[in-house]
Structure formats: C-alpha cells, structure tokens
Colleague: 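Dropping the structure in here first, questions after.
Not measured: the values here are computed from a predicted model. Chain A is the first sequence line, chain B the second, and so forth, proteins listed ahead of strands; every chain is numbered from 1.
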Number of protein chains: 2
Amino acid sequence: MPKPQAKPERKTRIQSQNEEIILDAALEVFSAYGYRGGTIDQIAARCGLSKPNLLYYFRRKDDIYKAVLERTLADWLEPLRSLDPAADPATELTRYISAKLDLTFGRPAASRLFANEILHGAPHVARFLKGPLKELVDAKALVIRRWVAEGKLRPVDATHFIFAIWAVTQHYADFAVQVEAIIGTPDRERVRRAVLDILLRGIIPGRG
Amino acid sequence: MPKPQAKPERKTRIQSQNEEIILDAALEVFSAYGYRGGTIDQIAARCGLSKPNLLYYFRRKDDIYKAVLERTLADWLEPLRSLDPAADPATELTRYISAKLDLTFGRPAASRLFANEILHGAPHVARFLKGPLKELVDAKALVIRRWVAEGKLRPVDATHFIFAIWAVTQHYADFAVQVEAIIGTPDRERVRRAVLDILLRGIIPGRG
DNA sequence: ACCGGACTTGACCATTTGATCAAGATTTAT
DNA sequence: ATAAATCTTGATCAAATGGTCAAGTCCGGT
C-alpha cells in the first residue's frame, strides 16, 4: 500500500490539460483587455468551460492572472541570458535582437500582457523586476562594457542600450495596431533588417 | 438684447474650471489603472467632487476618457510636426528626440494613457492613427528620405527609424517602474545623451 | 461492476460600479 | 433684491462581476 501523496499532489490528466487551455485563454483575454478589463466569464467562454469550473482550477481571478504571467516571465529572460561573452559581439547582439523580434512576432499577446503589467506599476512582478531581472541586466551590461573596453564595440551606455533593444523590439507587439495603421502588416524580415541597422550600425566598429 | 447663444454655448467660469480639474484627475486615474480599471469614484475622490457632479459635466465615463485622451493627442503630434526639412538633420533629429524625452519625463501619465490605449487595440483612436498620425509620419518619413538622398544621413529605413525614436523615448515613461527597478531613478541628462548616442551615432555621417 | 475521488455546473449571493433623479444650494444677470 | 440658470449631492437603481455551494456526472483503480 503506497503512502498517500502528501503535498505536491500528482496532477490528473484532465487537470493539467484544463489548466493549460485556461491559461492560454487567459493570456489572450488579459493581454487584450488588461487585468481589470478581462473577466472570468470571457476566459471561460473562450475555452469552453463554465465559470465555476474555472474557479475549481484557480480559486481566484488573481490566481489565473498570476499563473499566466509567471508562465511568460521565464521565456522573457531566456534570450538575454544566452548572450555569450566569449563570442563575437556583432554576432551575439544580432542573435539577441533577432530572438527578441521572434518573441515579439511569435507571441505578441505575451508581450502585451507584460507591457500592461509594467505600465500599471507592476503590482504583481515588482519582486521579479528588482530581483532576477535586475541581476541579469547588470550581468549582461557588464558583458557589453567589457566588449567596449576590449575595443570590440564603440562606447555605448550598456544598460540604456539594453533598454533600447527592449523598447524597439517590443514596440512591434505592444504598439502593433499603431504600426499597422501606418505601414500595414509589417514584413518581419524588413523589420529585422531595419531594427538591426538602427541599433547596431552605430556601435559596431568598421561598419560606417 | 443680444440673441441667445445657439449651439456652442458659452462656458461658465465654474464649468471650464471643473472640467479641467476633472480631466487632470482622470488622466492620473486612467493612466494608472486603464480605462476599465479606473472608476468614476476614484476620479471624483481625487478632484474633490461628488460622483453625480462629475456626471453633470461628463454624462458618461466614456466621455471623460475620450476627452482626456483627445487633450493629449494634439501635444503628441506637435514635436514631430515641427521637424524642419530645411534645417540640419543632426540638429533637427536631436531636437526632436530631446522634445520627445521632455514629454516622457514631463508628462509620463499622458504617455502611459496613450500606450494603454494602443496596447488594447486603440478602440477610441483608430481613426486618429489611420488619419492624422499616418499622414504626418508619411510626410516626415519623406523628409528623412530626402536627407538620406542628399547624403546628409546614412541610409536608414525612415519609417522604422521614427518608430525606433518613439519606442526608445516613450520607454522611459511607459516602463518607468522597470527602469527604476534596474537603475533607480534615471538621470534625465544621462538618458538624453545615451538615447541620442544610440539612435543617432549610426546615421549621422562623419561621427564614427 | 463498483466505489471513492475528481470533475462539472445551474442557481445563487454580495459587492462594485456606471448612471439617474429629485431636491436643495449657489451663482449670475437684471 | 430677486428670479432664472447653473451647480451640487444624497439616495437609489440596474447591470456586471467575482466568488460560493450543493447537487450531480464522470473517471480511474481495483
């Protein structure tokens, strides 16, 4: 007789399956309407479950929001984390910016969810910002500063350069309707070339 | 005996005064919590009026929101509009970027209000985006292209360059809590130098 | 086949919130 | 001073919404 599972209760097939479709629906709803603007009813309707059923898996609206937010945070850090100090700066930065753009175009809802959270004061992720994010940025800013010191990059304010990369890349998700209103549906490859050109041309030596 | 005012009824002193404080309060509330997240009660409390009194001046919540949004749109276009084709590109772009940063730091709430509106699909300003904004951007992109053709700027994708300027400058308002979490309260002049360097170093000839 | 636990939901509740209204207070024009 | 217009608000309403519950259905292991 196996001792009954204690705390980390094993998840049922139905359980993990439903949690997943709920979080998928919640991402769409919250990113489109904001935390307050999105309703449990909307999420339930979108994933074909009843409202009480949603609340069987997540006891409060806040729990749904936190879960969907957390699910995106890890992916958010990943591209920057993989910036390799030992490799060629131009290659690495090109790769990083391209990866960010892939996220932007591949998962715009996630970008908008995060943007909305920050925009409204980051009530749920303040700890994340001051902890893991700050540490990662500080570390990678150091990498960039070393590249500058080694003459592999023209002098640039490392931290603000990272901010610029975030701003420009995420812009195509967060402000997508504005971009679309002005140039229509953007061509990804053209965006990529333009963004790389704008951000890198100034700091890669021997390109001017 | 003067004929009674017809449609554009003259505004009372009290009326224009109260409308102003209402819109000021509404800007703070809506930019902090979003359209759906901000309540009439919050706005009323912030400006010291009763809720029915607010609704005496603006019949619906939506009217308040539209009014405060419209009040910011004009100011939003102004800096770009004043980009002078006849002047020196480096000077003009420096001035434009600086003006945008002044808006960012001087009126962060307005920036966040606008960002929130776009982020959620621009339900109230779709016409503005496709009309006045697109026209202005198209016109100014032409100016930049002419500068490029005249050899006064290195080749750059004009429209995407304008997007990059918006993205990077507004980032310091829209993502202020993230910036603050990472570097603390930013020094405006340092931000200005860093942003100008990142955005312009690559495209102004003879700087590398 | 059957039993216990997991899952599902219609009905319901309490609170929040946008909006109304009638009655009273204040301002303005004469 | 006084009447008309403007302004103000307590009380109240209806709808939306987060959340509960009891009662039923379904699933998995034996």
Side-chain angles (χ1 to χ4, degrees), chain A residues 1-23 25-26 28-30 32-69 120 123-124, chain B residues 1-30 32-69 120 123-124:
Chain A
M1 183 189 195
K3 53 184 172 186
Q5 287 294 124
K7 287 295 170 48
E9 288 162 10
R10 202 168 170 180
K11 272 185 188 169
T12 295
R13 170 185 60 87
I14 296 181
Q15 190 172 7
S16 32
Q17 180 180 315
N18 278 347
E19 283 181 2
E20 200 178 322
I21 67 167
I22 290 171
L23 292 184
E28 294 303 318
V29 169
F30 284 136
Y33 304 102
Y35 173 69
R36 189 86 187 313
T39 70
I40 301 180
D41 286 294
Q42 279 179 302
I43 300 171
R46 175 174 272 266
C47 64
L49 299 181
S50 68
K51 179 162 67 169
N53 205 4
L54 275 206
L55 292 165
Y56 170 78
Y57 292 102
F58 298 91
R59 278 181 91 179
R60 307 182 212 180
K61 181 185 183 183
D62 204 61
D63 293 337
I64 307 177
Y65 182 75
K66 274 191 232 166
V68 64
L69 196 55
H120 296 137
H124 295 82
Chain B
M1 186 188 194
K3 53 184 169 187
Q5 286 296 124
K7 289 294 172 52
E9 288 161 8
R10 202 168 169 180
K11 271 185 188 170
T12 296
R13 169 184 59 87
I14 295 180
Q15 191 173 8
S16 33
Q17 180 179 314
N18 277 348
E19 282 180 3
E20 199 178 322
I21 68 166
I22 290 172
L23 292 183
D24 286 347
L27 173 62
E28 294 304 318
V29 169
F30 283 135
Y33 303 103
Y35 173 69
R36 187 88 188 311
T39 70
I40 301 181
D41 284 296
Q42 279 178 302
I43 300 172
R46 175 174 273 265
C47 63
L49 299 180
S50 69
K51 179 162 64 170
N53 204 5
L54 276 207
L55 292 166
Y56 170 78
Y57 291 104
F58 298 90
R59 277 181 90 181
R60 307 181 213 179
K61 183 186 183 182
D62 203 62
D63 293 338
I64 307 176
Y65 182 74
K66 275 192 232 166
V68 64
L69 196 55
H120 296 135
H124 295 81

Colleague: Apply side-chain contact (heavy atoms from CB on, under 4.5 Å) to A:D62 and A:H124, showing your working.
Modeller: CA-CA 10 Å; A:D62 204 61; A:H124 295 82; 2.9 Å; yes

Colleague: Tell me if a side-chain donor or acceptor on A:Q42 pairs with a main-chain N or O of A:T39 at a distance below 3.5 Å.
Modeller: yes

Colleague: How does protein reach along nucleotides 14-24 of chain C, written 5' to 3' as B (base within reach of a heavy atom under 4.0 Å), S (only sugar-phosphate), or - (no contact)?
Modeller: ---SBBBB---

Colleague: Show me, pair by pair, the donor-acceptor contacts under 3.5 angstrom made by side chains of residues 44-58 of chain B, not counting sequence neighbours?
Modeller:
{"unit_1": "B:S50", "atom_1": "OG", "unit_2": "B:N53", "atom_2": "N", "d": "3.3"}
{"unit_1": "B:K51", "atom_1": "NZ", "unit_2": "B:D41", "atom_2": "OD2", "d": "3.4"}
{"unit_1": "B:Y57", "atom_1": "OH", "unit_2": "B:N18", "atom_2": "ND2", "d": "3.0"}

Colleague: Tell me whether the NZ or CZ atom of B:K61 lies within the 45° cone about the ring axis of B:Y35 and under 6.0 Å from its centre.
Modeller: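 Yes, a cation-pi geometry holds between B:K61 and B:Y35.
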
Colleague: For residues A:E19 and A:K11, determine if any side-chain heavy atom of one lies less than 4.5 Å from a side-chain heavy atom of the other.
Modeller: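 Side chain of A:E19 against side chain of A:K11, heavy atoms only: contact under 4.5 Å found.
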
Colleague: Atom CG of B:L54 and atom C1' of D:dT8: how far apart are they, to the nearest Å?
Modeller: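 About 11 Å, once rounded to whole Å.
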
Colleague: Round to the nearest Å and state the distance from A:Y33 atom OH to D:dA16 atom C1'.
Modeller: 16 Å

Colleague: Expressed in angstrom and rounded to an integer, what is the separation of B:I14 atom CD1 from D:dA5 atom P?
Modeller: 16 Å

Colleague: Give a yes/no on whether any side-chain N or O of A:S50 is located under 4.0 angstrom from OP1 or OP2 of C:dG10.
Modeller: no

Colleague: Atom CD of B:Q17 to atom P of C:dT26: distance rounded to whole Å?
Modeller: 16 Å

Colleague: Taking atom OH as the centre, does B:Y65 end up with more than 12 heavy-atom neighbours from other residues, nucleotides or ligands that are less than 6.0 angstrom away?
Modeller: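 Yes, OH of B:Y65 has more than 12 neighbouring heavy atoms, counting only those of other groups under 6.0 Å.
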
Colleague: Would you mind reading off the distance between B:I21 atom CD1 and D:dT8 atom P, rounded to a whole angstrom?
Modeller: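 For the pair B:I21 CD1 and D:dT8 P, the rounded distance is 9 Å.
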
Colleague: So how far is it from B:D24 CG to B:I43 CD1, rounded to the nearest 0.5 Å?
Modeller: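 Separation between the atoms: 11.5 Å.
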
Colleague: Send over the distance from B:Q15 CD to D:dT8 C1', rounded to a whole Å.
Modeller: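 After rounding, the reported distance stands at 14 Å.
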
Colleague: Would you say B:N53 reaches D:dT9's phosphate, i.e. side-chain N/O to OP1/OP2 under 4.0 Å?
Modeller: yes

Colleague: Can you tell me the distance, in whole Å, between the OH atom of B:Y57 and the C1' atom of D:dT6?
Modeller: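 Distance, rounded to whole Å: 8 Å.
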
Colleague: In this structure, how many angstroms lie between the P atom of D:dC26 and the CG atom of A:L49, rounded?
Modeller: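 Taking CG of A:L49 and P of D:dC26, I get 16 Å after rounding.
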
Colleague: Is there a side-chain contact between B:Y56 and the phosphate of D:dC7, meaning an N or O under 4.0 Å from OP1 or OP2?
Modeller: yes

Colleague: Would you say B:R13 reaches D:dT6's phosphate, i.e. side-chain N/O to OP1/OP2 under 4.0 Å?
Modeller: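 Negative; the distance criterion is not met.
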
Colleague: Between B:N18 and D:dT6, is there a contact of a side-chain N or O with OP1 or OP2 at under 4.0 Å?
Modeller: no

